[in-house]
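In what follows, a single structure is set out as structure tokens and then discussed.
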Protein chains: 2
Amino acid sequence: MTATADVSAAWQAYQRMRLQLNGRINRELSRSTGLSEADFDILFLLEQSQEGTMRSIALRCGLEWEKSRLSHQLRRMAQRGLITKAAGAVIELTDRGREQIAAARACHEAAVRRYFGDVLTPDQLATLTAISDRVVSRLTQDREHSGQ
Amino acid sequence: MTATADVSAAWQAYQRMRLQLNGRINRELSRSTGLSEADFDILFLLEQSQEGTMRSIALRCGLEWEKSRLSHQLRRMAQRGLITKAAGAVIELTDRGREQIAAARACHEAAVRRYFGDVLTPDQLATLTAISDRVVSRLTQDREHSGQ
DNA sequence: TATCAACGGTTGATGTATCAACCCGCGAGG
DNA sequence: CCTCGCGGGTTGATACATCAACCGTTGATA
């Protein structure tokens, strides 16, 4: 039986890492490219797909976002000229969007490596992957609590 | 040298856990107590301290929040009657706030245990703590990039 | 003493997240 | 053929996060 103190220590340490790590990466991304994490995630998925087009529903499944969240975000990104909305709920990457995600990807990868990949051992990385998979599978398992 | 693929796999798994785990816990907290994560964090700190009072600056240091964020949040919480603002930037827990944080703490602890503590081995918890400390210390080390 | 810089705190503007309500097209069952 | 429900998408309201600009006090220095 795991002691409460150990769980609590791990939780607190994890919270600290979560807040600071993602804060730092997002700040660097925003400062050097003007893109938010939300922008980045969407553009990244779009760039992955050939032709740079995806249906809304595919984005939603890939990101596991709520539909209203995606709708609001796509509207703002279309206003900024990063994407365009075509018929049939098809979202298309613009040239401007393509430039930005290319630059942002480099910045993001560098930050992830600098603050995460480079400071952890292969063992730690493997354990973190296992931990994450375990927690996610637990969450998926009792989806009934989720309300979503 | 750690392979790029391993870093990337660990990063993606971690991101999934981060998004889903915190999303679930916050949703349960909000549904069953009406408190957001921000509310919870502040009330938790206030409850810790004897008398349920703290100076703004102490809250800011404890939470590592930006000053404007704290100011906005305290204003909203005062409007909802969870706290009161006294002279000298002193924040005081109200009776209503005390009730809510007590209920919320139980709910939060149960959720952390259910989705996190109960599904990980002592070894995994210890490794996660080590990972978190390592990453946080790396972040603290080159604070110059932070902009904050 | 006068000034200035630093710091704690507030405010307003903007972007982001979530919930609820709504619109619409479509297929199942009457 | 009807209609009813479901799912994809939009919209509006509200809460939260972040940035920049501002206000007051305080302490160091010219």
Side-chain angles (χ1 to χ4, degrees), chain A residues 18-43 54-92 100 104 146-148, chain B residues 18-43 54-92 100 104 146-148:
Chain A
R18 172 179 76 91
L19 293 170
Q20 295 199 15
L21 179 56
N22 285 276
R24 177 73 62 90
I25 291 179
N26 290 341
R27 223 176 297 131
E28 289 192 6
L29 193 66
S30 166
R31 278 182 190 281
S32 56
T33 71
L35 295 180
S36 69
E37 183 182 6
D39 297 331
F40 181 84
D41 290 344
I42 288 183
L43 294 180
M54 286 179 77
R55 303 191 166 272
S56 283
I57 185 67
L59 283 170
R60 242 176 77 193
C61 293
L63 299 168
E64 304 178 57
W65 278 14
E66 233 177 305
K67 57 186 181 176
S68 68
R69 178 180 178 187
L70 182 63
S71 181
H72 285 306
Q73 184 66 31
L74 291 176
R75 175 177 44 71
R76 289 189 301 257
M77 292 176 72
Q79 273 174 354
R80 286 188 290 153
L82 297 172
I83 59 168
T84 57
K85 296 181 176 188
V90 167
I91 306 303
E92 182 166 14
Q100 303 234 11
S146 146
Q148 196 260 121
Chain B
R18 172 180 75 92
L19 294 170
Q20 295 199 15
L21 179 56
N22 285 277
R24 176 72 63 89
I25 291 178
N26 290 341
R27 222 175 298 130
E28 288 192 8
L29 192 65
S30 165
R31 277 182 191 283
S32 59
T33 71
L35 295 180
S36 68
E37 184 183 5
D39 297 330
F40 181 83
D41 290 343
I42 288 182
L43 294 180
M54 286 178 78
R55 301 191 167 272
S56 283
I57 185 66
L59 283 170
R60 240 175 79 193
C61 293
L63 299 168
E64 303 178 60
W65 278 14
E66 233 176 305
K67 58 185 181 177
S68 67
R69 178 182 179 186
L70 182 63
S71 181
H72 286 305
Q73 184 67 31
L74 290 176
R75 176 179 42 73
R76 287 188 302 257
M77 290 176 73
Q79 272 175 353
R80 285 188 289 153
L82 296 172
I83 60 168
T84 57
K85 296 181 176 188
V90 168
I91 307 302
E92 180 165 16
Q100 301 235 11
S146 146
Q148 199 256 117

Testing D:dT11, C:dT16, D:dC16 for proximity to the side chain of A:Ser71, the answer is D:dT11

When every non-hydrogen atom of A:Arg80 is compared with those of A:Gly34, the smallest separation belongs to NH1-O, 3.9 Å

Of D:dT10, C:dT16, C:dT10, the nucleotide closest to the side chain of A:Lys85 is D:dT10

Re D:dA30: Watson-Crick or G-U wobble partner, both distances kept under 3.5 Å, found to be C:dT1

### Query
So do B:Arg18 and A:Asn22 actually touch side chain to side chain, heavy atoms under 4.5 Å?
yes

- Under 3.5 Å, is there a donor-acceptor pair linking the side chains of A:Arg76 and A:Gln73? yes

Smallest heavy-atom separation, B:Leu29 atom then B:Ser36 atom, equals CD2-O, 4.1 Å

Check your understanding: Reckon B:Asp39 touches a base, only the sugar-phosphate, or nothing at all at heavy-atom distances under 4.0 Å?
Key -> sugar-phosphate

To the nearest angstrom, the CZ-P distance between A:Arg76 and D:dA17 comes to 15 Å

- Task: Ignoring backbone atoms, test whether B:Arg27 places a side-chain nitrogen or oxygen under 4.0 Å from the OP1 or OP2 oxygen of C:dT18.
- Result: no

Separation of D:dG8 atom P from A:Met54 atom CE, nearest Å, is 15 Å

Between CD of B:Glu66 and P of D:dC19 the distance, given in whole Å, is 5 Å

Taking for A:Lys67 and for A:Leu35 the nucleotide of DNA chain C with the nearest heavy atom, the one nearer the 5' end belongs to A:Leu35

Here the distance between atom C1' of C:dG8 and atom CD1 of B:Ile91, to the nearest Å, is 12 Å

Residue pair B:Ala38/A:Leu70 against DNA chain D: nearer the 5' end by closest nucleotide is A:Leu70

Fill in: Heavy atoms of other groups near A:Arg55 CZ, more than 12 under 6.0 Å
no

Considering only heavy side-chain atoms of B:Ser68, the closest of D:dA17, D:dC19, C:dC19 is D:dC19

Measuring to OP1 and OP2 of D:dA17, would you say a side-chain N or O of B:Arg69 lies under 4.0 angstrom away?
yes

Whole-Å distance, B:Trp65 CH2 to D:dT18 C1', equals 13 Å

Under 4.0 angstrom, heavy atoms only, what part of the nucleic acid is A:Arg60 near: base, sugar-phosphate, or nothing? sugar-phosphate

Taking D:dG12, C:dC19, C:dA17 as options, the one with an atom nearest any side-chain atom of A:His72 is D:dG12

Rounded to whole Å, CG of B:Asn22 lies from C1' of D:dC16 at a distance of 15 Å

From CG of A:Leu74 across to C1' of D:dT10 the rounded distance in Å is 11 Å

Here the distance between atom P of D:dC6 and atom CD1 of A:Ile57, to the nearest Å, is 17 Å

The nucleotide from C:dC19, D:dC16, C:dG15 with an atom nearest the side chain of B:Ser36 is D:dC16

